[in-house]
> 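Structure incoming, see below.
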Amino acid sequence: MPDDNVSTLPEIRLDLVRKYNVPGPRYTSYPTAVQFNENVPPEALLAEARRDLDNGDDISVYVHLPFCESLCWYCACNTVITTRHGQANTYLDYLEREIALWKKQFPLRPQLGQLHFGGGTPTFLHPAEIDRLSAMLHEAFDFAEDAEVSVEIDPRRLTAEHVQAFRRLGATRASLGVQDFDTTAQKAIHRIQTYEMTKDAMRWARECGYTSINFDLIYGLPHQTEETFSRTLDQVEQLSPDRWAVFS
């Protein structure tokens, strides 16, 4: 007779645990940063991009907007911490020049199939600056009819006008930084964000037509317990995002 107290789970492969218990590249870029090196000259990359355009392929564009008003202490992104919002327009001036340089490299007008705004905090820009950025991109690219446009949103300093401005640009997908709703954990990571702030951001996005909303969550934060994080997950469920991304 089998012993009911004996686990029937398969034997743990410690060799696999050791193999995969290592830091991995960040998911936010593909190919990942470690795959870029100096062995491939710029000319080869441009030739490959032109070949794809000649074949009628869409291009994907990532726009980095690095500004944040305060630093979250878990952040490893390339950021500029400032409360001087006037810097955003100066940054857009340089971004416009960079777009013009890229345009010169392509004999055909590129069709844009995917566009993502990350940071930093893209919603650091005022709505009028988002509209300016939209005009720059629409002047440079033909947007595919089914173009996928997404934006990272910080609910702490957000207005409905910010959400609407990115929607005018074409965004239908948004990723909201949440991390944890527990106030003790929030203080430890220097990111105070109430449940109501996140709820408002969700409502504004749904009201103006965003069809896919993601929440970023982090486990293993200081002062986090299974009980406190369980409460956060219950609150997340109440808001019904379309997707969760959970990081350690």
Side-chain angles (χ1 to χ4, degrees), residues 20-21 23-30 62 64-77 79 81 114-125 130 148-167 169-248:
Y20 293 111
N21 186 31
R26 298 189 64 193
Y27 85 103
T28 48
S29 60
Y30 182 81
Y62 169 69
H64 189 72
L65 302 167
F67 302 104
C68 288
E69 288 193 12
S70 62
L71 179 66
C72 302
W73 289 342
Y74 57 84
C75 180
C77 298
T79 59
I81 307 302
Q114 291 181 319
L115 174 62
H116 180 67
F117 299 94
T121 303
T123 47
F124 178 95
L125 273 63
I130 298 170
E148 182 181 283
V149 183
S150 59
V151 58
E152 296 174 17
I153 288 177
D154 181 348
R156 293 175 298 165
R157 299 176 181 91
L158 188 71
T159 67
E161 289 72 22
H162 286 96
V163 179
Q164 293 162 5
F166 272 108
R167 182 69 188 94
L169 197 157
T172 58
R173 301 168 63 93
S175 181
L176 277 61
V178 173
Q179 322 320 337
D180 194 325
F181 283 124
D182 181 74
T183 55
T184 303
Q186 288 181 356
K187 290 176 182 176
I189 61 175
H190 200 229
R191 186 188 176 98
I192 305 300
Q193 179 176 319
T194 66
Y195 175 83
E196 287 70 25
M197 289 175 180
T198 306
K199 184 177 180 180
D200 284 343
M202 281 284 293
R203 176 170 55 84
W204 294 330
R206 293 297 194 200
E207 286 175 350
C208 67
Y210 287 71
T211 57
S212 179
I213 299 178
N214 170 77
F215 279 7
D216 282 347
L217 304 171
I218 298 180
Y219 66 89
L221 294 174
H223 307 295
Q224 225 178 32
T225 67
E226 291 184 10
E227 181 182 356
T228 62
F229 198 51
S230 179
R231 286 199 295 268
T232 287
L233 297 180
D234 289 340
Q235 290 175 293
V236 168
E237 282 193 303
Q238 292 172 15
L239 295 175
S240 299
D242 301 286
R243 190 177 65 173
W244 306 6
V246 187
F247 307 90
S248 64

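Values below: all heavy atoms of this structure, side chains included; hydrogens, waters and symmetry mates excluded.
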> CD of Gln238: more than 12 outside heavy atoms within 6.0 angstrom?
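Yes, CD of Gln238 has more than 12 neighbouring heavy atoms, counting only those of other groups under 6.0 Å.
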
> Is a side-chain donor-acceptor pair under 3.5 Å present for Thr232 with Asp180?
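There is such a pair (donor and acceptor under 3.5 Å, judged by atom type) between the side chains of Asp180 and Thr232.
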
> How many angstroms lie between atom CZ of Phe117 and atom CG of Leu169, to the nearest 0.5 angstrom?
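It is 4.5 Å, given to the nearest 0.5 Å.
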
> For Arg243 and Ser212, run side chain to side chain contact (heavy atoms under 4.5 Å, CB included): C-alpha distance rounded to whole Å, both residues' side-chain angles, the deciding distance at 0.1 Å, then the answer.
CA-CA 8 Å; Arg243 190 177 65 173; Ser212 179; 5.6 Å; no

> Decide yes or no on side chain to side chain contact (heavy atoms under 4.5 Å, CB included) for Ile218 and Asp216, but give the supporting numbers first.
CA-CA 7 Å; Ile218 298 180; Asp216 282 347; over 6 Å; no

> Under the salt bridge (Lys or Arg N to Asp or Glu O under 4.0 Å) rule, what do Arg231 and Asp234 come out as? Steps first, then yes or no, please.
CA-CA 5 Å; Arg231 286 199 295 268; Asp234 289 340; over 6 Å; no

> Mind checking the CG-OG spacing from Leu115 to Ser150? Nearest 0.5 Å is all I need.
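So the CG of Leu115 and the OG of Ser150 are separated by 7.0 Å.
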
> Side chains of Leu239 and Lys199: closer than 4.5 Å at any heavy-atom pair?
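Heavy-atom side-chain distance check passes, below 4.5 Å.
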
> Would Val246 and Tyr219 satisfy side chain to side chain contact (heavy atoms under 4.5 Å, CB included), going step by step from the backbone distance to the final call?
CA-CA 7 Å; Val246 187; Tyr219 66 89; 3.5 Å; yes

> State, to 0.1 Å, how close Thr121 and Cys68 come at their nearest heavy-atom pair, and which atoms those are.
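Looks like OG1-SG, 3.0 Å.
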
> Is a side-chain N or O of Gln193 found less than 3.5 angstrom from the main chain of Gln179, in a donor-acceptor match?
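Checked: no pair found.
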
> Please round to the nearest 0.5 Å and tell me the distance separating atom OG1 of Thr183 and atom OH of Tyr195.
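Reported to 0.5 Å precision, the distance equals 15.5 Å.
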
> Once side-chain contact (heavy atoms from CB on, under 4.5 Å) is applied, do any residues pair with Arg167, and if so which ones, sequence neighbours excluded?
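So Arg167 forms a side-chain contact (heavy atoms from CB on, under 4.5 Å) with Thr172, Cys208, Tyr210.
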
> Kindly compute the distance separating CZ (Phe181) from CD (Glu196), expressed to the nearest 0.5 Å.
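One gets 9.0 Å once the value is rounded to the nearest 0.5 Å.
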
> Looking at Arg206, I'd like to know if its CZ atom is crowded, meaning that more than 12 non-hydrogen atoms belonging to other residues, nucleotides or ligands lie closer than 6.0 Å.
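Yes, CZ of Arg206 has more than 12 neighbouring heavy atoms, counting only those of other groups under 6.0 Å.
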
> Please report the shortest heavy-atom distance between Ile213 and Met202, naming the atom on each side.
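The answer is CG2-SD, 3.4 Å.
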
> Using the side-chain contact (heavy atoms from CB on, under 4.5 Å) criterion, which residues pair with Leu71? Sequence neighbours excluded.
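Result, side-chain contact (heavy atoms from CB on, under 4.5 Å) vs Leu71: Trp73, Cys75, Thr79, Ile81.
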
> Locate the shortest heavy-atom distance separating Met197 from Pro155; write the atom from each residue and the value.
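Scanning both residues, the minimum pair turns out to be O-CB, 3.8 Å.
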
> Where the side chain of Gln224 meets the backbone of Asp182, is there a donor-acceptor pair that is under 3.5 Å apart?
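Looks like no, no N/O pair under 3.5 Å.
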
> Distance from Phe247 atom CZ to Leu217 atom CG, nearest 0.5 Å?
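The CG atom of Leu217 is 8.5 Å from CZ of Phe247, to the nearest 0.5 Å.
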
> Only one of Leu125, Thr123, Ile153, Val149 passes side-chain contact (heavy atoms from CB on, under 4.5 Å) with Phe166; say which it is.
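Option passing the side-chain contact (heavy atoms from CB on, under 4.5 Å) with Phe166: Thr123.
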
> Closest approach of Trp204 and Leu158, non-hydrogen atoms and distance?
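Smallest heavy-atom distance, with atoms named: CZ3-O, 3.5 Å.
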
> Compare every heavy atom of Thr225 with every heavy atom of Thr228, then report the nearest pair and how far apart it is.
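So the two residues come closest at OG1-N, 2.9 Å.
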
> So, for Gly119 and Pro122, which heavy atoms are closest and what is the spacing to 0.1 Å?
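Result for this residue pair: N-CD, 4.2 Å.
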
> According to side-chain contact (heavy atoms from CB on, under 4.5 Å), who are the partners of Glu148, at least two apart in sequence or on a separate chain?
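Once residues adjacent in sequence are excluded, the partners of Glu148 under the side-chain contact (heavy atoms from CB on, under 4.5 Å) criterion are Gln114, Arg173.
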
> Calculate, to the nearest 0.5 Å, the distance between atoms CG and OG1 belonging to Asp154 and Thr198 respectively.
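The OG1 atom of Thr198 is 9.0 Å from CG of Asp154, to the nearest 0.5 Å.
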
> Which is it for His162 and Arg157 under the side chain to side chain contact (heavy atoms under 4.5 Å, CB included) test, yes or no, and what are the steps along the way?
CA-CA 10 Å; His162 286 96; Arg157 299 176 181 91; over 6 Å; no

